[in-house]
Q: 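Just passing along the structure, written as structure tokens.
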Amino acid sequence: MREFPNPEDQMEVLCRGCEKILTPEELRQKLAERRPLRVKLGVDPTSPDIHLGHTVALAKMRQFQDLGHTGVLILGSFTAMIGDPTGRSVTRPQLTKEEVLANAATYQEQAFKVLDFERTEVVFNGDWFFKMSYEEVLRLNSLVTMQQMLQREDFRERIERGHPIRAHEIQYPIMQGWDSVMVRADVELGGTDQLFNVLVGRDFQAHQGQPLQVAMLMPILVGTDGTQKMSKSLGNAIGVTEEPEQMFGKIMSIPDSALRQYYELLLGETLDPNAHPMEQKKNLAYRIVARFHSHAAAKAALDNFVTRFSKRDLATAELPKFTPPPNLSTTALSLTAAAYESCFGLTPSRSEIRRLIQGGSVQWNGKKLTNPNATISITDGGVLKLDKIRAVRIIPQKS
RNA sequence: GGGUAGGUUCCGGAGCGGUCAAACGGGGCGGACUGUAAAUCCGCUGGCUUACGCCUUCGCAGGUUCGAAUCCUGCCCUGCCCA
């Protein structure tokens, strides 16, 4: 049996960065029991990737693990199909069982970039919810009131605006609460927006005669737009599996105003108010890339960033290579379209590319191409800049 | 079940027989500036086309008309009030 550090020392580490703890006193008491606490974090595999926003709570769980506690990672194989209505003004699209399970697999793998495998229990809430009878569901429902459920900000707002709330949506907090009972959670981690759901868990535990879980809520990380919560569906997320270059770039593009928050939530550090924001951002980007890839990758990404964007030296920068197929017409339009597709997997319509070119986005060796139909005489190593952040190096096919 | 108001392009929201690929705002993208920041200014924002132009879109299906997002019929969906 492992020796746990003294509860007060643990408190010091664990409370750091938390926005809200209900209640610190309860946590202290649990720590004083000197046993491994069961620390719950529920994630819904609604999309296959996790992003930096998710890692905030994962990192907190890791801190618990490093102190000897047990992380209980609940993959919401069932709840993902319902969709958490938290912070939503629209009903979530429901996923199929297959989609959810596939997502769960990759999700799990990614979570272990942060978590300690040895001290993690992974469970699927479908294990109990898929088996529940209607009768049991009703019984569970009778434990809460409609008014409690509808008190939630997001529901209230929808009611006010005349937007529909489907009956299944109010089940979400109920299910999340039941999860806590099923895993006998001592602590539940989540973002501040999870307060309501976590409290339902406490009610259920009380009802079942279990000790109440402590709620530890982390601030919500904003996305690359610096305003809204990081979320894949809002398109402002930085995924943990993104390529080093891309990850680095996205971090560089966050507004300065979000920098402090990123430092606190991702690095657990306070920002030096005297340092230049850009330098701090580079430091942040470097460390995040190093965390999810490697120091070598981070160094390379930094160097390339400096060459490409600070020195604006596309000629020597590391760029994706593009070899135009032999039968491809060498007009600006066709070449750009092919480069987007083969190097970035993007398939903008030809009209869209035409507009980009006419708008001056596309450059060939530093010169704007404004005529979509102009023919480009390809040279070995020539640089085709597609837009603000994308460029490719042309390598003609050897004949 | 009854009454009533609605369903428009990513979102909000105009349009109410031709001049509508559809005002305006937001968001997004691009350009200038810059630190891939912020602010500001400018442009773009259905598809195909070198272009004239053609094609698909206004909940769904039919219909009336030379012509429909706009009128008619049926259906589906949503809010609100009543039960």
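This structure is a prediction, so every number in the text was calculated from the model and none was measured. Just so it is clear, the values below take in all heavy atoms, side chains as well, and ignore hydrogens, waters and symmetry mates. Lettering follows sequence order; numbering is per chain, from 1.
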Q: Going by the rule side chain to side chain contact (heavy atoms under 4.5 Å, CB included), which residues pair with Ser361(A) if we only count those two or more places apart in sequence or in a different chain?
A: Leu356(A), Asp387(A)

Q: Restricting to side-chain hydrogen bond (donor to acceptor under 3.5 Å, both in side chains), what partner residues turn up for Arg16(A), sequence neighbours left out?
A: none

Q: Donor-acceptor pairs under 3.5 Å, side chain of residues 373-380 of chain A to any protein atom, not counting sequence neighbours: which ones?
A:
none

Q: Hey, could you give me each pair passing salt bridge (charged side-chain N to carboxylate O under 4.0 Å, His left out) that has a residue in residues 348-370 of chain A? Not counting sequence neighbours.
A: none

Q: Which pairs, protein N/O on one side and nucleotides 20-24 of chain B N/O on the other, fall under 3.5 Å?
A:
none

Q: Tell me every residue that passes side-chain hydrogen bond (donor to acceptor under 3.5 Å, both in side chains) with Thr120(A), counting only those two or more places apart in sequence or in another chain.
A: Gln65(A)

Q: Just to verify, what does Glu135(A) make a side chain to side chain contact (heavy atoms under 4.5 Å, CB included) with, not counting sequence neighbours?
A: Ser133(A), Arg139(A)

Q: Can you check nucleotides 4-13 of chain B for protein contacts, nitrogen or oxygen pairs under 3.5 Å, and list what you find?
A:
none

Q: I need a per-nucleotide contact map over nucleotides 46-53 of chain B, read 5' to 3'. Cutoff is protein heavy atoms under 4.0 Å; write B for the base, S for backbone only, - otherwise.
A: -SBBS---

Q: Identify every side-chain donor-acceptor pair in residues 18-26 of chain A under 3.5 Å, counting partners at least two apart or on other chains, and give the distances.
A:
| residue | atom | partner | partner atom | Å |
| --- | --- | --- | --- | --- |
| Thr23(A) | OG1 | Glu26(A) | N | 3.1 |
| Thr23(A) | OG1 | Glu26(A) | OE2 | 3.3 |
| Glu25(A) | OE1 | Arg28(A) | NH1 | 2.9 |
| Glu26(A) | OE1 | Arg202(A) | NH1 | 3.0 |
| Glu26(A) | OE2 | Arg202(A) | NH2 | 3.2 |

Q: Using the test side-chain hydrogen bond (donor to acceptor under 3.5 Å, both in side chains), find all partners of Glu33(A) that sit at least two apart in sequence or belong to another chain.
A: Arg35(A)

Q: When you check every protein heavy atom under 4.0 Å of nucleotides 31-39 of chain B, what one-letter string (B, S, -) results, 5' to 3'?
A: SS-BBBB--

